[in-house]
Amino acid sequence: MNSILIVFIPQDVLEYNFFDKRIEETYANEKNIGRLSLILSVIAIIIECLGLLGLIAYMVVKRNKEVGIRKILGSSIYSITMIFMKSFVAWVLAKRWLENFAYSIRLDLTYFIFAGLISLIIALLTISVQVYRAARRNPVDSIKYE
């Protein structure tokens, strides 16, 4: 018959933890880094949208007479919007900045597809709003601009 000897030491306090609590404490720092990354990503997207808004506003002001003449000649708002979008999308696709790196690692293609689609959607929405505003203006006012 086996017996177990239990020693009682009154000056030592029994400390116990649940395993899930210890895991949560271990990964608390990673959770904070994840939250910080999310916040910084949102801020970066907002800054990107502001920069894109400035770029499109500059393009629309620069081509203000062209928009007015196209409106006078009967172009629709949709066709004017598509002119701006085609030029912008062609510029974005032509960059291919990842090919310029001397060293690269293999990443899953889906990350780039999703990031590209999200950026493209944000860019197209921003362009649409600015060009729609320009196309709705009175064409006579845009020709008399200068």
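Taking a 4.5 Å side-chain heavy-atom cut-off between Ile, Leu, Val, Met, Phe, Trp and Tyr, the cluster of Ile33 contains only that residue. Ile45 forms part of a hydrophobic cluster together with Ile118, Ile122, judged by ILVMFWY side-chain heavy-atom separations under 4.5 Å. The hydrophobic cluster containing Tyr58, built from Ile/Leu/Val/Met/Phe/Trp/Tyr side-chain heavy atoms closer than 4.5 Å, comprises no other residue. Leu53 shares a hydrophobic cluster with no other residue; no ILVMFWY side chain has heavy atoms under 4.5 Å from its own.
Counting only residues at least two apart or on different chains, no side-chain hydrogen bond (donor to acceptor under 3.5 Å, both in side chains) pair has a member in residues 37-51. Residue pairs satisfying the side-chain hydrogen bond (donor to acceptor under 3.5 Å, both in side chains) criterion with at least one member in residues 114-136, sequence neighbours excluded, are absent.
Under the rule for a side-chain hydrogen bond (donor to acceptor under 3.5 Å, both in side chains), the partners of Arg35 that lie at least two apart in sequence or sit in another chain are Asn32. Remark: Glu66 engages Arg63, Arg70 in a side-chain hydrogen bond (donor to acceptor under 3.5 Å, both in side chains) (not counting sequence neighbours). With sequence neighbours left out, the side-chain contact (heavy atoms from CB on, under 4.5 Å) criterion links Leu73 to Ile69. Take Ile46 and apply the side-chain contact (heavy atoms from CB on, under 4.5 Å) test, not counting sequence neighbours, and it matches Val42, Leu50.
Follow the hydrophobic side-chain contacts under 4.5 Å out from Met59 and you reach Val131 in the same cluster. There is a path of hydrophobic side-chain contacts, each under 4.5 Å, that joins Ile80 to Tyr78. Residue Val60 is not grouped with residue Val129 when hydrophobic side chains (ILVMFWY) are merged at heavy-atom distances under 4.5 angstrom, including chains of intermediate members.
The heavy-atom pair separating Lys31 from Glu24 by the smallest distance is NZ-CG, 4.1 Å. Among all heavy-atom pairs drawn from Ser76 and Ser79, the shortest one is O-OG, 2.9 Å. Shown here for Ala135 and Val67, the closest heavy-atom pair between the two residues is CA-CG1, 4.2 Å.
Summarising the geometry, atom CD1 belonging to Ile121 is positioned 7.5 Å from atom CG belonging to Leu125; distances are rounded to the nearest 0.5 Å. Taking CD1 of Ile127 as the start and CD1 of Ile83 as the end, the distance is 13.0 Å to the nearest 0.5 Å.
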